[in-house]
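What follows is a short report on a single structure.
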Amino acid sequence: MKKNRKNKELEQTLLLIKPDAFCKKLVGTIISRFEKEGFRILACRMVWLSLAKAKKFYAEHRKKRFHSPLSRFIASNPVMAIVLEGEEAVFKVRKIIGATDPAKAKRGSLRKRYAQDDRFNVLHGSDSKISAKREIAFFFNPEEIYRWKEKIYRR
Ligand code: IDP
Ligand code: MG
């Protein structure tokens with residue numbers, strides 16, 4: 001298990017910048033926030049998902065009434081898939097994203113600030129280490145996930 005300088009375990013998680021964030025030109029703002037929070041980008045890809053792939057990504061919600069409109073939304077424009085690494089990355093990234101419904105999201109979270117409602121809510125973050133593993137593999141091959149050389153150019 002990879003650890004940081006403080007000997008804390010490092011986790012990886014998948015962040016997805018959703019199509020609404022693209023349309024609102026929020027991609028840079030979002031990436032900047034996660035860098036400022038101390039996360040490291042291990043992989044990044046802009047992709048326009050087909051409807052079938054969007055449905056597959058959200059397969060856990062296939063029985064929910066919002067599955068079809070959600071999938072259409074995710075396939076409507078590009079998304080950016082990003083692998084972030086950091087301490088407690090799964091939990092912390094979701095905390096920074098905020099609650100699904102921006103009306104219930106805490107101040108300072110990205111959804112509170114930028115989401116329109118509980119569908120067009122700017123970001124996705126993996127909800128567990130198991131989901132993170134599956135979702136990272138959905139977008140990236142193992143060799144596409146960068147292994148940082150810690151000693152170079154540290155701030
Ligand atoms: P999460 O993204 O906060 O983990 P989930 O319950 O996993 O929320 O739902 C996945 C996505 O489906 C949400 O981010 C949102 O875009 C959409 N969604 C969830 N619940 C609703 C709803 O009640 N109406 C419309 N869209 C929803
Ligand atoms: Mg979820």
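In each ligand, atom 1 is the first atom listed, and ligand 1 is the first ligand listed.
When hydrogens are left out, the protein atom nearest atom 21 (C) of ligand 1 is Phe66 CD2, 3.5 Å; that is the closest non-hydrogen contact. Regarding atom 2 (O) of ligand 1, its nearest protein heavy-atom neighbour is Arg111 NH2, 3.0 Å. Counting protein heavy atoms only, atom 4 (O) of ligand 1 is closest to Arg94 NH1, 3.0 Å. Taking atom 7 (O) of ligand 1 as the reference point, the nearest protein heavy-atom neighbour is His61 NE2, 2.8 Å. Protein heavy atom nearest atom 1 (P) of ligand 1, with residue, atom name and distance: Thr100 OG1, 3.6 Å.
Figure legend: Lys53 and Phe138 shown as a cation-pi pair, the cationic atom lying under 6.0 angstrom from the six-membered ring centre and within 45 degrees of its axis.
Summarising the contacts of atom 22 (C) of ligand 1 with Ile97, Leu123, Asp118, the nearest heavy atom is found in Asp118.
Atom-to-atom distance recorded for Leu14:CG and Ser126:OG is 5.0 Å, nearest 0.5 angstrom.
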Worked verdict on Tyr114 versus Asp20 for side chain to side chain contact (heavy atoms under 4.5 Å, CB included): CA-CA 9 Å; Tyr114 299 114; Asp20 54 336; over 6 Å; no

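Contact analysis leaves His67 out of contact with ligand 1, as no non-hydrogen atom separation drops below 4.0 angstrom.
Arg147 and Glu85 are not joined by a salt bridge, as no carboxylate oxygen comes within less than 4.0 angstrom of a charged side-chain nitrogen. One finds a salt bridge joining Arg45 and Glu144 here, because a Lys/Arg side-chain nitrogen approaches an Asp/Glu carboxylate oxygen to under 4.0 Å.
Between Lys18 and ligand 1, at least one N/O pair is under 3.5 Å apart. Taking any N or O of Arg65, backbone or side chain, at least one lies under 3.5 Å from an N or O belonging to ligand 1.
Considering Phe73, Phe66, Phe22 as possible partners of Phe120, the one that fulfils the ring pair (Phe, Tyr, Trp, His ring centres under 6.0 Å) test is Phe73.
With ligand atoms numbered from 1 in the order given, ligand 1 contributes 15 (C), 16 (O), 25 (C), 26 (N) to contacts under 4.0 Å with heavy atoms of Arg119. Every atom of ligand 1 with a heavy atom of Asn121 under 4.0 Å away is listed here by number and element: 13 (C), 14 (O), 15 (C), 16 (O). Close approach of ligand 1 to Leu70 (heavy-atom distance below 4.0 Å) involves ligand atoms 11 (C), 12 (O), 16 (O), 17 (C).
Put simply, the side chain of Arg111 never gets that close to the backbone of Ile97: no donor and acceptor are under 3.5 Å apart.
A donor-acceptor contact under 3.5 angstrom links the side chains of Ser128 and Ser131, judged on distance only.
Here the shortest heavy-atom pairing between Thr13 and Ala89 reads CG2-O, 3.8 Å.
With a heavy-atom cut-off of 4.0 Å, Glu60 does not touch ligand 1 at all. Looking at Lys64 against ligand 1, nothing comes within 4.0 Å, counting heavy atoms.
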